[in-house]
Amino acid sequence: MRYADGGGLTAEQRKRREEIRMQAVGLFEERVKVPCIARELRVSEKSVHQWRRAWKAGGREALRSKGAPGYDCRLGPHLQARLAAWLDEGPAAHGWTDDQVWTAARVRTLIGRKFHISYSVSGVTRLLHRMGYSVQMPARPAAERDEDAITAWREATWQEGKTLRAATGAFICFEDEAGVTGRPPKGRTWGRRGITPTVRVPGRSRGRLSVAGLLCFKPALPARLCYRLRRHTGRKDERRSLGESDYIHLLDGAHHLLKAPLIVVWDRLNTHISKAMQALVAEREWLTVMLLPGYAPELNPVEGMWAHIKRSLANLAARTLSNLETLLRRRLKALQYRHAILDGFLAGTALTLDRPD
């Protein structure tokens, strides 16, 4: 009888363990002592004693691997591949239209329908782990998202923008805006086991901050960050968001700082595509605007920057809007000098600045 490897190991891991046991056999034949074998193979002396007993009883073949323990899976590799294809189609394709969640119970039902094989819920869980599945938090792309339009933007519009940048020596600038309030996002913290930590935050609104960020990139130069921040205190007749004048002042400031033409890439926010904004853009010969496809935040590196900043504001204990503004400006100011991090936000979009062939 050959040696049984532990469950849950891959084929490569089982092969590696068998190789170690075969090395031990060679040392047994040379009459090397157990402590020396354990040190050389970096295993426990208990394991070496077990291997030696098996070797004396059955020889070298007794230490060969006989594969994973337990019963053979009732779904062979070809059936598992078919099941994986059905799972990738989503629950709605198989009759579960209330939500889009695969549960072990639903997979059990699917296996019964398709293969006429009965599994327990725990058995389905083990099967899914064996197939490489795990419980995960799903991404949530918008239903209105047009994948063809996004692909076309990457292959055509973005390439045209890079060609224009190379011809004019311009910076390619990505813009996006975010809002920050006195109720910060939650972040992990240490606490006593079984006792939920408490972070006190303001119970009522004390205004909010709107901030527009502009990430500017040019090959062989460090990335630059410009921003414009506006406070909203909730007073009557006060604008609750950034307007066309705020955005154009931000672009004017960036142009004055960089002393080069700008190719601005932003989304289809109503303020970005309004007639007033179009008139302001037309007045500036050094400014070119490119619109992102709808519902494609992963193409904008400023989205990653806002996520980075908001994580740094987790569990914030700011009591006043002024305190919040001071902290936010401090975070943005520090980030302006972290050029490698700013470059990393662009790398996260998989967009490159090299000139197309």
Side-chain angles (χ1 to χ4, degrees), residues 141-142 144-147 149-165 168 170-180 209-218 223-230 239-258 260-310 328 332 335-336 342-353:
E144 299 85 356
R145 179 183 172 92
D146 187 344
E147 296 294 343
I150 294 173
T151 301
W153 189 92
R154 284 181 178 273
E155 296 178 352
T157 307
W158 176 244
Q159 300 302 329
E160 292 173 2
K162 292 196 294 184
T163 301
L164 178 62
R165 188 219 62 75
T168 61
F171 279 79
I172 292 185
C173 305
F174 293 84
E175 190 278 334
D176 192 52
E177 54 286 322
V180 182
L209 300 173
S210 291
V211 56
L214 193 70
L215 282 177
C216 306
F217 301 96
K218 190 175 182 179
R224 305 297 292 267
L225 167 62
C226 304
Y227 65 90
R228 186 172 180 85
L229 191 145
R230 181 167 181 168
R239 186 181 176 91
R240 300 186 61 186
S241 62
L242 296 169
E244 288 86 349
S245 61
D246 294 302
Y247 292 115
I248 207 65
H249 287 154
L250 173 62
L251 299 180
D252 286 339
H255 175 61
H256 179 74
L257 174 68
L258 301 174
L262 303 183
I263 301 174
V264 175
V265 184
W266 57 21
D267 57 24
R268 299 169 187 267
L269 183 70
N270 55 0
T271 313
H272 293 164
I273 60 177
S274 67
K275 291 182 178 180
M277 180 59 74
Q278 292 177 16
L280 291 170
V281 171
E283 294 173 358
R284 291 158 172 80
E285 296 180 354
W286 47 266
L287 179 59
T288 303
V289 170
M290 293 170 51
L291 295 178
L292 288 166
Y295 303 99
E298 74 279 4
L299 295 178
N300 195 336
V302 188
E303 294 277 1
M305 185 188 74
W306 293 140
H308 175 81
I309 289 177
K310 289 185 177 181
L328 182 57
L332 290 166
L335 200 56
Q336 286 180 318
L342 299 180
D343 287 331
F345 297 141
L346 179 63
T349 66
L351 299 175
T352 58
L353 291 176

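Keep in mind the model is a prediction, meaning the values are calculated, not measured.
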Q) Do the non-hydrogen side-chain atoms of D252 and W286 ever get within less than 4.5 Å of each other? A) yes
**Q.** Closest non-hydrogen atom pair between E175 and A212, with its separation
**A.** OE2-CB, 3.5 Å
Q | R230 to S241 - nearest heavy-atom pair and separation | A | NH1-O, 4.2 Å
Q) Will you find, in the side chains of Q336 and Y227, an N or O donor that is under 3.5 Å from an N or O acceptor? A) no
**Q.** Any side-chain heavy-atom pair of D267 and E177 under 4.5 Å
**A.** yes
Q. How are the rings of F174 and F217 set relative to one another: parallel (under 30°), tilted (30 to 60°) or perpendicular (over 60°)?
A. perpendicular
Q) Are K162 and T352 side-chain neighbours, meaning at least one heavy-atom pair lies under 4.5 Å? A) yes
(Q) Is there a side-chain contact between T271 and L242 in this structure, where contact means two heavy atoms from C-beta onward sitting under 4.5 Å apart? (A) no
Q. Which class fits the ring pair W266 and Y247: parallel under 30°, tilted 30 to 60°, perpendicular over 60°?
A. perpendicular
Q) Is there a side-chain contact between L225 and F345, using heavy atoms and a 4.5 Å cut-off? A) no
Q. Of all heavy-atom pairs between E244 and S274, which one has the smallest distance, and what is that distance?
A. OE2-OG, 2.8 Å
**Q.** Closest non-hydrogen atom pair, A170 against L262
**A.** CB-N, 4.2 Å
